[in-house]
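Here it is, the structure, as structure tokens.
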There are 2 protein chains.
Amino acid sequence: MDETIRERIEWLRETLAPVEHEEIEETVTTLIEVFGRAYAIDVLRTFALSNEPWRFSDLEAELDAPPSTLSARLAEFEAAGLIDRHAYGEMPPRVEYEPTEKVRELFPAVGYLHWWASRHDLDTSDGRKA
Amino acid sequence: MDETIRERIEWLRETLAPVEHEEIEETVTTLIEVFGRAYAIDVLRTFALSNEPWRFSDLEAELDAPPSTLSARLAEFEAAGLIDRHAYGEMPPRVEYEPTEKVRELFPAVGYLHWWASRHDLDTSDGRKA
DNA sequence: CCGCATCCTACCGGATACTG
DNA sequence: CAGTATCCGGTAGGATGCGG
């Protein structure tokens with residue numbers, strides 16, 4: 001069942017130079033860390049479910065997120081090349097954000113997670129949650 | 001390209017009761033938060049790449065992780081039903097951990113992340129990393 | 001409207017020591 | 001061996017105010 005995935009991981013291990021493999025591990029780790037931050041997947045999902053670009057205030061209202069946090073998330077995403085930021089020199093100012101192709105190729109994984117979550121429950125009785 | 005995933009998500013949105021949908025969102029969020037914690041994916045990957053159960057000290061040595069942190073991670077994983085813990089009443093004590101079927105069904109997503117990472121880079125020039 | 005600067009609190013996580 | 005208890009430093013992130 002998960003043989004294919006294990007094979008794929010081991011294929012990565014064997015075919016890639018150790019340095020490259022390290023980098024991939026690290027990228028995945030960093031990616032998950034970034035997505036683990038406050039409102040990160042909420043932002044991601046918002047982008048995933050809409051073809052339209054989003055403006056700061058709209059995101060802020062939609063997610064009910066503090067501006068400082070949202071600002072940090074958007075900056076990180078942009079720095080990681082996951083979203084594009086378009087600023088228009090207007091008055092009042094207008095800035096729009098939209099997902100890059102790079103992050104769009106990540107959506108299937110998120111979709112898989114949703115599918116998984118619909119089949120299984122995460123018992124969070126112990127832990128803290130949102 | 002990602003149409004299938006968007007359709008799947010929207011299918012989830014439409015067919016599920018709002019409450020269920022909320023729960024799924026929350027589960028995914030919590031899951032990513034848990035995986036974003038220290039040594040979490042390292043533990044996960046260690047399990048993914050081995051069919052054998054792991055003992056506490058072996059994991060500790062393998063990952064070079066502080067016992068308190070590793071202990072927390074394992075407890076969270078077990079509470080979430082992602083790993084099974086088997087304690088044997090021996091002397092000296094022996095405890096073994098192994099992934100559940102539930103978490104094995106999560107591995108493909110991690111594998112997809114690896115594939116993604118092998119194609120794209122995450123620009124972390126701005127951010128902090130490990 | 002966009003979003004940074006600041007302040008403050010909570011909490012995570014590393015190190016270390018210790019027990020059944 | 002398998003953890004727990006304790007202390008402590010770094011930091012994420014919520015709230016708020018202000019500037020461009």
Side-chain angles (χ1 to χ4, degrees), chain A residues 26 29-44 46-47 52-80 83-98 124 126-130, chain B residues 26 29-44 46-47 52-80 83-98 124 126-130:
Chain A
E26 197 177 306
T29 304
T30 307
L31 183 71
I32 294 182
E33 280 175 1
V34 169
F35 283 178
R37 298 225 204 304
Y39 296 94
I41 35 133
D42 304 273
V43 170
L44 192 68
T46 305
F47 282 131
E52 307 302 319
W54 282 79
R55 303 182 59 170
F56 190 90
S57 298
D58 292 335
L59 276 174
E60 190 180 1
E62 169 84 9
L63 303 176
D64 190 33
S68 52
T69 302
L70 182 57
S71 178
R73 226 66 333 137
L74 291 173
E76 289 160 10
F77 280 1
E78 196 201 0
I83 59 174
D84 283 331
R85 180 180 187 277
H86 303 286
Y88 302 86
E90 300 176 358
M91 199 59 189
R94 180 165 60 101
V95 180
E96 295 184 339
Y97 299 90
E98 62 180 352
T124 52
D126 141 289
R128 74 304 279 152
K129 50 171 65 176
Chain B
E26 196 177 308
T29 304
T30 308
L31 183 72
I32 294 182
E33 279 176 1
V34 169
F35 282 179
R37 297 218 203 314
Y39 295 96
I41 35 134
D42 304 273
V43 170
L44 192 69
T46 305
F47 282 132
E52 306 302 319
W54 282 79
R55 305 182 57 170
F56 190 91
S57 297
D58 292 334
L59 276 175
E60 192 181 359
E62 171 83 10
L63 303 176
D64 191 31
S68 51
T69 302
L70 182 58
S71 178
R73 227 65 331 139
L74 291 173
E76 288 159 10
F77 280 2
E78 196 201 0
I83 58 173
D84 283 330
R85 180 182 185 276
H86 302 286
Y88 302 87
E90 301 176 356
M91 199 57 189
R94 180 164 62 100
V95 179
E96 293 184 342
Y97 298 90
E98 62 181 352
T124 53
D126 142 289
R128 72 305 276 152
K129 49 169 65 176

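Note on naming: letters A, B, ... go to the chains in the order of the sequence lines (proteins, then strands), and numbering restarts at 1 for each one.
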So, does Tyr39(B) get its side chain near the phosphate of dC12(C), meaning an N or O under 4.0 Å from OP1 or OP2?
no

Send over the distance from Leu70(A) CG to dA12(D) C1', rounded to a whole Å.
15 Å

Secondary-structure string, 5' to 3', Watson-Crick or G-U under 3.5 Å, | for another-strand partners, for DNA chain D:
||||||||||||||||||.|

Walking DNA chain C from its 5' end, the first of Gly36(B) and Asp58(A) to be reached, judged by nearest nucleotide, is Asp58(A)

Considering only heavy side-chain atoms of Arg55(B), the closest of dG3(C), dA2(D), dG14(D) is dA2(D)

Return the set of residues passing side-chain contact (heavy atoms from CB on, under 4.5 Å) with Pro66(A) (not counting sequence neighbours), or none when no residue passes.
Tyr39(A), Ser68(A), Thr69(A)

Provide, to the nearest angstrom, the distance between the CD atom belonging to Glu60(A) and the P atom belonging to dG13(D).
16 Å

What heavy-atom pair brings Val34(B) and Ala40(B) nearest, and what distance separates the two atoms?
O-CB, 3.4 Å

Each nucleotide of nucleotides 4-9 of chain D classed B (base within 4.0 Å of a protein heavy atom), S (only sugar-phosphate) or -, in 5' to 3' order, makes BB----

Starting the side chain at C-beta, find the nucleotide from dG13(D), dG3(C), dA2(D) nearest to Ser57(B).
dA2(D)

In Å and rounded to the nearest 0.5 Å, what is the CZ to CZ distance from Arg73(A) to Phe35(A)?
11.5 Å

Does the side chain of Arg73(A) get closer than 4.0 angstrom to OP1 or OP2 of dG14(D) through an N or O atom?
no

So the salt bridge (Lys or Arg N to Asp or Glu O under 4.0 Å) pairs with at least one residue in residues 59-70 of chain A (sequence neighbours excluded) are none

Quick one: CG on Leu63(A) to OG1 on Thr46(A), what's the gap to the nearest 0.5 Å?
4.5 Å

When the distance from CZ of Arg85(B) to P of dG3(D) is rounded to whole Å, what number comes out?
4 Å

side-chain contact (heavy atoms from CB on, under 4.5 Å) partners for Pro53(A), two or more places apart:
Glu96(A), Glu98(A)

Please state how far atom CZ in Arg94(B) lies from atom P in dA2(D), giving the value in whole angstrom units.
9 Å

How many Å lie between CZ on Phe35(B) and C1' on dC12(C), as a whole number?
18 Å

If only side-chain N and O atoms of Arg37(A) are considered, is one of them under 4.0 Å from the OP1 or OP2 phosphate oxygen of dA12(D)?
no

By side-chain contact (heavy atoms from CB on, under 4.5 Å) - contacts of Ala87(A) (at least two apart)
Arg85(A), Val95(A)

Take atom CD of Glu76(B) and atom C1' of dG13(C), then tell me their distance rounded to the nearest Å.
11 Å

Which of parallel (below 30°), tilted (30 to 60°) and perpendicular (above 60°) describes Tyr97(B) and Phe56(B)?
tilted

Would you tabulate the pairs of protein nitrogen or oxygen atoms and nucleotide nitrogen or oxygen atoms of nucleotides 18-20 of chain C closer than 3.5 angstrom?
none

Roughly how many Å is it from NE2 in His86(B) to C1' in dC1(D), rounded to a whole number?
18 Å

How close or far is atom C1' of dC1(C) from atom CH2 of Trp54(A), stated in whole angstroms?
16 Å

To the closest 0.5 Å, what do you measure between CD1 (Ile83(A)) and CH2 (Trp54(A))?
13.5 Å

Tell me, please, which residues at least two apart from Glu90(B) pass side-chain contact (heavy atoms from CB on, under 4.5 Å).
Tyr88(B), Arg94(B)

Quick note, Val95(A) side chain, CB onward, closest among dG13(D), dG3(C), dG13(C) is dG3(C)

What's Tyr88(A) touching, base or sugar-phosphate or nothing? Going by heavy atoms closer than 4.0 Å.
nothing

To the nearest 0.5 Å, tell me how far Asp42(A) CG sits from Leu70(A) CG.
10.5 Å

